[in-house]
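A short worksheet on the structure shown next.
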Amino acid sequence: MEARMSLDVARIKADFPILRRQVRDGRLVYLDSANTSQKPQAVIDAMAHYYENSNANVHRGTYLIAEEATAGLEGARAKVARFIGAASEREVIFTKNATEALNLVVKAWGRSHLKAGDPVVITELEHHANIVPWHQLVEEIGIELRWIPVGPDGHLDLTDLDRLLDGARVLSFAAMSNVLGTILPIDRLVAAARAVGAIAIIDASQYVPHVATDVQAWGADFVAFTGHKMCGPTGIGVLWGTEAILDDTPPFLTGGEMILNVTKEGFTVNELPWKFEAGTPPIAEAVGLGAAVDYLESVGMESIREHEVTLTGYALRTLTERLGDRLTIHGPAEPAERGGVLSFVVDDIHPHDLTQVFDQYGVCVRAGHHCAKPLMRSMGLGATARASLYLYNDEADVDALAAALESAADFFAF
Amino acid sequence: MEARMSLDVARIKADFPILRRQVRDGRLVYLDSANTSQKPQAVIDAMAHYYENSNANVHRGTYLIAEEATAGLEGARAKVARFIGAASEREVIFTKNATEALNLVVKAWGRSHLKAGDPVVITELEHHANIVPWHQLVEEIGIELRWIPVGPDGHLDLTDLDRLLDGARVLSFAAMSNVLGTILPIDRLVAAARAVGAIAIIDASQYVPHVATDVQAWGADFVAFTGHKMCGPTGIGVLWGTEAILDDTPPFLTGGEMILNVTKEGFTVNELPWKFEAGTPPIAEAVGLGAAVDYLESVGMESIREHEVTLTGYALRTLTERLGDRLTIHGPAEPAERGGVLSFVVDDIHPHDLTQVFDQYGVCVRAGHHCAKPLMRSMGLGATARASLYLYNDEADVDALAAALESAADFFAF
Amino acid sequence: MPGLEDLYREIILDHYRNPRNRGELESPPAHRSEGFNPLCGDEIVVYLAADGTTIDDIRIAGQGCSISQSSASMMSAAVKGKTVAEARDLVKAFKAMMSIHEHELDGEDGAPEPAADTPELKLGDLEALRGVVKFPVRIKCATLSWNTLANVLNEIESASSRPQ
Amino acid sequence: MPGLEDLYREIILDHYRNPRNRGELESPPAHRSEGFNPLCGDEIVVYLAADGTTIDDIRIAGQGCSISQSSASMMSAAVKGKTVAEARDLVKAFKAMMSIHEHELDGEDGAPEPAADTPELKLGDLEALRGVVKFPVRIKCATLSWNTLANVLNEIESASSRPQ
Ligand SMILES: Cc1ncc(COP(=O)(O)O)c(C=O)c1O
Ligand SMILES: Cc1ncc(COP(=O)(O)O)c(C=O)c1O
């Protein structure tokens, strides 16, 4: 069955050199984009071009290539700012990944604004990056960590939201679950946080790569995401914050770049965004991320989302039809309420054994807890297999997964 | 005059594509490697090859390319470990740059081990990355920061070392000054720290790229350096520490990768080195850094150092001969006691104006305080121009600098 | 499954389907230790009853893939009734089979440890796990229960060396 | 110097060699503010004496390159004797000449601010600095003293709006 697709996926696939690779006598079927995305040639080339023509340190040099490098870094910042609807590029801070971005918020804003007993509310479906830094604050200053539960349908259970938010100083949540694909009710959550005077932090690591994002419309205080999941390189992440809250946040990592003045007695911080960027920034990585933004925009975020919804529907139907009752797919049943992240288990076959068989067919799927152990535990699961879709995936990829699943089910059917 | 050189610099230049670039009608004369180094084709290609063939997240996937990516990251760690003489790759932690590495030490080890009044000794020639994090600890817990002064010859003035170290908990210093080129008396300083029971931290950002390094022979506790100054990419730095002290250091950034287990109540850390690597690591950057290490080893660190000593001698002589009394070059006069970092000032011409003229000749030199304002202030300087040499520089580059200097001196001679 | 014959030997699948010594022991008196494979989520709990220096009973709880579960099952069968010292030797021998040489800078040129360090032991059924070495990611699965056992053994030793 | 004619105009070099209003004022009563260019190390101190709303005297200390020094010198000459409001307009006009439009997302497509915001002022000698725009790194040098002046003007205004 050929579903109507708005993207020319064959052409898009051709943009990604790794997808031409043959493994284990077949083509590479990459279904692990929630883990990290592949990179189009344009991104790889932009970084090589930077190193081959304009490599220099930024904000420091008084010569041509240093100006080019600075324009590359700051131009990428402007692109990212536009891409997410920031009010100004002063609000866009480059970090090394989403994890550093969230740690910055917790350790710089959190440590300076929270005190013992202050309630911080997160959800049960958070990635460890939005859990463990809070655990450190529990240990360090005794904040109280509260959890919004997840229901069996993969959606947040908001029954007790008011009670959970009572007196809260912070509400921090993922825009999209990296395990269940669930898209969270962002507007409602931000409004609820605002209503009790809590700040709102959004971990948009799984959202920004897949759905058009407007941080100003969300109205949150901080938004974190990561370059390598959005067709960009490793080594770069983004923290967006409103100017007001960034101005009210002390510096985190310190050293070069982020200072205005240093004496033996102390230091004065630089203006935004550099105040939060200590040391040589990820320059080539910013150039690559800028190229990734260009690439995604050239395809169109609306088209990408539409394609993924369609393909997710196809995957949910196909896998259920072909595997039947032995297969359980977790997360929302309705494609429009989720991203293309499919966590599943097959009766009597451990996910790790499943993916081992998949590998024989060149099918790349992750098995494990996906850095969301509290969620796994609440679902009563040790591990799931997780296939995740992106703009370069098509029905043939889903079919390859289904075939590999059938083969694994046969092999382990004792 | 043709000095005897052990390196075939013409061949080395050919390895660096950017050096073929023409700017302002002439060739690029890159003399800012203390700021960031250029990258050989092999490093650029290694990263592109990674993205085009093996890109996947590490330590997580159960499929071929994820194993290749993990082997790339961990193979790079093993290369770096060997390159610096580490006892095991468990001691090699990848950070985003040297600044993060130093912040990790101060904020994870320092905050958990130091208390109000504890003396921390640094030197007057430190880079801001080894100053400002300590200032933060002064503010936060009231440590006492003490400074080893620098004499007019560019060497540390160790007259009062014993008094300064009295009761010290930490001695932290740069192995090589990024302003003066001075190579510090590493063995003596580490021994002095040991003698009073202080830990020794070495900022080897300017040293590792230029001089063969054996961290075990140094006997320090922590050593930090940065990838982009050693022919590697931006976005990666290294913290080396002894297993003993790393085991005794709490985690810093937290999230994925660095945990063994996470529950709603708390978390358990992973083993070394991953305990300190939160979130998706700089995978392509590690691959690039590994290729940089291969490249430097293929040339030979002994040859590189020998070449730089010879070329530094040539530069000191040539500039002095051609500019005469108007020029002052700071730092040790003896090439064997320094790296190829030449900070200079010309009477009546501000460094920023000097480098502006240099730029017209394609000569890339940095002007400013070089992120070492306390040193600049102690030398009574606002700024210097700094030319810095690396394996790909030759006498022609120095001659081009001398010519540009003469031209600037003429232009501003009113 | 072509390509996976070396991994999924019949005996491994048998231990996976019919795990030996599955369950828990009351702790204390039994020793208990948890192990995690942070990469794929496997968790194992080893319960070990040792009155003196002999392993009187051992039980395995937790969950994991066929490799970690079968390895744990075989491990439990192999050490039950053995002394603590014998169990230690088995741990060493098993990890050596898994190509893990402790305190080795395992770069490509890392020389293998001298054979003297590796006790020559009959591994019996455990030999079936040798094929795992070809699947580097699965080595952590295979060794999870053994590392957890090693922790328990350490505990027993430090307890017995403590003054009573 | 070919290529640098637009940057190093004769009048700029003149102000660099013979800076006007160089020195300090006793502070208080004079207002004082420091400015840093973190990129190249330039430091500037602006001293400003205003009795009421007129800038009675202004002095410049610190060190920096020809562009930052000459810009400061011209700035001091331009605002001396002016009112605080006039000085503010000059700051705006100067920054507009330097292509700095505040609160603008200055990506490549950033539309220029409506002309209405940019006071039409005779910049006189200061026009000589227009060429700096071609040298983006030097814009920070040229504007350093102006930003510092703006800080002093803010200080004066907030002081005068405070109840006496
Ligand atoms: C001595 C020294 N330490 C630390 C650093 C900081 O390195 P990075 O900017 O890569 O963090 C530098 C270079 O800028 C340096 O020269
Ligand atoms: C929801 C979510 N948050 C945070 C992260 C962490 O991203 P990174 O590893 O790039 O820091 C991830 C991905 O691993 C994620 O899926």
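Keep in mind the model is a prediction, meaning the values are calculated, not measured. Letters A, B, ... are given to chains in the order of the sequence lines, protein chains preceding strands, and every chain is numbered from 1.
For a residue to count as touching a neighbouring chain, one of its non-hydrogen atoms must lie under 4.5 Å from one of that chain's; by this rule S37(A) touches chain B with the backbone only. In this structure, chain B has no heavy atom under 4.5 Å from any part of E126(A). For a residue to count as touching a neighbouring chain, one of its non-hydrogen atoms must lie under 4.5 Å from one of that chain's; by this rule N261(A) touches chain B with backbone and side chain alike. For Q22(A), no part sits under 4.5 Å from any heavy atom of chain B, backbone or side chain. In this structure, chain B has a heavy atom under 4.5 Å from the backbone of V365(A), while its side chain stays farther away. R20(B) does not touch chain A: none of its heavy atoms, backbone or side chain, sits under 4.5 Å away. Residue contact with chain B, scored on non-hydrogen atoms closer than 4.5 Å, involves the side chain of L28(A) exclusively. When heavy atoms are compared at a cutoff of 4.5 Å, N97(A) approaches chain B solely by way of its side chain, counted from C-beta outward. At a 4.5 Å heavy-atom cutoff, the contact between I283(A) and chain B is made by backbone and side-chain atoms alike. In this structure, chain B has a heavy atom under 4.5 Å from the side chain of I65(A), while its backbone stays farther away. Neither the backbone nor the side chain of P250(A) has a heavy atom closer than 4.5 Å to any heavy atom of chain B. Neither the backbone nor the side chain of R146(A) comes within contact range of chain B; no heavy atom of the residue lies under 4.5 Å from a heavy atom of that chain. Contact annotation for E265(B): only backbone heavy atoms (N, CA, C, O) come within less than 4.5 Å of a heavy atom of chain A.
Per-residue heavy-atom pair counts under 4.5 Å with chain A were compared for H228(B), H135(B), K229(B), and the maximum is reached by H135(B). Note on D359(B), V363(B), T99(B), T234(B): by heavy-atom pairs under 4.5 Å with chain A, the leading option is T234(B). Counting heavy-atom pairs closer than 4.5 Å to chain A, the top residue among S33(B), S54(B), A286(B), A98(B) is S54(B). The residue among Q356(B), H127(B), E124(B), H369(B) with the most heavy atom pairs within less than 4.5 Å of chain A is E124(B). Your options are V23(B), V106(B), V132(B), I44(B), and the one with the most heavy-atom pairs under 4.5 Å with chain A is V132(B). Heavy-atom pairs under 4.5 Å with chain A were tallied for A48(B), A66(B), P133(B), C371(B); the largest tally goes to P133(B).
N55(B) and Q38(A) share a donor-acceptor pair across their side chains, judged by distance under 3.5 Å alone. A donor atom on one side chain and an acceptor atom on the other are found under 3.5 Å apart for T280(B) and N57(B).
Annotation for G288(A) and P233(A): closest pair C-CD, 3.7 Å, computed over non-hydrogen atoms. A385(B) approaches P351(B) most closely through the heavy-atom pair N-CB, 3.5 Å. Annotation for F252(A) and F276(A): closest pair N-CD2, 4.3 Å, computed over non-hydrogen atoms.
Proximity of a side-chain donor or acceptor of H370(B) to a complementary backbone N or O of M376(B) within less than 3.5 Å is not detected. Under the 3.5 Å distance criterion, the side-chain polar atoms of T384(A) are left unmatched by any main-chain donor or acceptor of R386(A).
Taking 4.0 Å as the cut-off between side-chain N and carboxylate O, E285(A) and K96(B) do not count as a salt-bridged pair. Salt-bridge formation is not detected for the pair E52(B)/R21(A): no Lys NZ or Arg NE/NH1/NH2 atom is positioned less than 4.0 Å from an Asp or Glu carboxylate oxygen.
Interatomic distance, CG of L260(A) versus CG of N270(A), reported as 4.5 Å (0.5 Å rounding).
T355(A) meets the side chain to side chain donor-acceptor pair (under 3.5 Å) test with T62(B); sequence neighbours excluded.
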